[in-house]
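Input: a single structure, listed below in structure tokens.
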There are 2 protein chains.
Amino acid sequence: MSCETAFIQQLRERGFRLTPQREMILSVLHDMEGLVTVDEIYSRVQRLSSSVDISTVYRTLDLLQEFDLVFSVDPGDGQRRYEFLGLQDAHLHLVCQTCGQVTRVELEVAQAFAERLRASCGFQVALDRLSLAGLCPACAGSANN
Amino acid sequence: MSCETAFIQQLRERGFRLTPQREMILSVLHDMEGLVTVDEIYSRVQRLSSSVDISTVYRTLDLLQEFDLVFSVDPGDGQRRYEFLGLQDAHLHLVCQTCGQVTRVELEVAQAFAERLRASCGFQVALDRLSLAGLCPACAGSANN
DNA sequence: CTAAATGCAAATATTTTGCAGGTTA
DNA sequence: TAACCTGCAAAATATTTGCATTTAG
């Protein structure tokens, strides 16, 4: 099943409609890797159709988040970022505090950690929505004091 | 050394000045536990002196962040939260996605995980600024499907 | 005395909302 | 056709900035 099919199915089931705008936004998200800002999404959508309004982008992102096809974080710089989850495997994000580069990592590396947290205090970490701040190898190398 | 002393020292060293407003804001942060919003800080400061402006609160928070006495996150609800770090030990935050409750956990539980990440991909996680989303024991219990 | 900080108001930036008209099912 | 969706513009929020005045050192 493709992402589009999953989206359409969810729309139908809940009485929503499939519009060209929603298709375009989904397609743009699908083509973008990693965490992207609303502006990045918006300007890509505009290339497909310049009449699409940014409020429609916001509304569609809300919808996609409800459907769990997209999730969002604000790394703390006031620039909320969205990511398309689609049907692919979930993964962690490592966001470099210096250069902003985002690396994807398999959930598996965090499994033991999650287990430990659950054992010690009963908290179930949502690993599939996790972004970790820190230093990427390159920046860690040049920043060693 | 008290937090105030540390703050004053940093101010002096960098040519900044110690003002009553800055003292008040620091004192308010010091008395507040956990992650708080600008409005919460602002209204507490106003109780001490109603003439303090919110822009001064923002400016002071920026300063304190530069000094690493405060850090901020936006859990994704559009309400950025600040936390006073002071001279206490750093710790992780577990933020419940359902009830919003914040639990503090020793950094130590994540040490092995951080080590693993560094070994496998060279990324140095900033553990001391980490907030993890998930379900707290209570909400995990009532949500089990 | 002088550079730095404040309060105020206005400016920005970001996201949300009301509504009239267009569109999907 | 009827409810839903969109674009537009205006509103609501949150944060930042310019500037005259005040103040710490």
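Just so we're on the same page: letters track the sequence lines, and every chain starts at 1. The figures that follow rest on heavy atoms only: side chains count, while hydrogens, waters and symmetry mates do not.
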Calculate the interatomic distance between Arg14(A) atom CZ and dA25(C) atom P; express it in whole Å. 17 Å
Below 4.0 angstrom from OP1 or OP2 of dC5(D), is there any side-chain N or O of Arg22(A)? yes
Which heavy-atom pair separates Tyr42(B) from Asp53(B) by the least distance, and what is that distance? CE1-C, 3.8 Å
Heavy-atom pair of closest approach, residues Leu35(A) and Glu40(A): O-OE1, 4.4 Å
Answer yes or no: is there a donor N or O on one side and an acceptor on the other, between the side chain of Gln46(A) and the main chain of Val52(A), under 3.5 Å? yes
Glu23(A): which residues meet the salt bridge (Lys or Arg N to Asp or Glu O under 4.0 Å) condition with it, sequence neighbours left out? none
Distance, nearest 0.5 Å, that separates CE of Met24(B) from OG1 of Thr56(B): 9.5 Å
What is the distance from CG of Asp62(B) to C1' of dA14(D), rounded to the nearest Å? 13 Å
Separation of dA5(C) atom C1' from Ile25(B) atom CD1, nearest Å, is 11 Å
Closest-nucleotide ordering on DNA chain D, the 5'-leading residue of Thr19(B) and Thr19(A): Thr19(A)
Using atom CD of Glu23(A) as one end and atom C1' of dT24(C) as the other, report the distance to the nearest whole Å. 12 Å
Residues in residues 42-61 of chain A with a heavy atom under 4.0 Å of DNA chain D, by number, are Ser51(A), Val52(A), Asp53(A), Ser55(A), Thr56(A), Arg59(A)
Whole-Å distance, Leu18(A) CG to dT6(D) C1', equals 14 Å
Check the distance between dT12(C)'s P and Asp39(A)'s CG and give it to me in whole angstrom. 17 Å
Please round to the nearest 0.5 Å and tell me the distance separating atom CD1 of Ile8(B) and atom CZ of Arg22(B). 12.0 Å
What distance do Leu18(B) atom CG and Phe7(B) atom CZ have between them, rounded to the nearest 0.5 Å? 7.0 Å
To the nearest Å, how far apart are Ile8(A) CD1 and dC5(D) P? 14 Å
Nearest-Å distance, CD (Glu40(A)) to P (dT14(C))? 12 Å
OP1 or OP2 of dT23(C) less than 4.0 angstrom from a side-chain nitrogen or oxygen of Gln21(A), does that happen here? no
Can you tell me whether the side chain of Arg17(A) and the base of dA3(D) have a donor-acceptor pair closer than 3.5 Å? yes
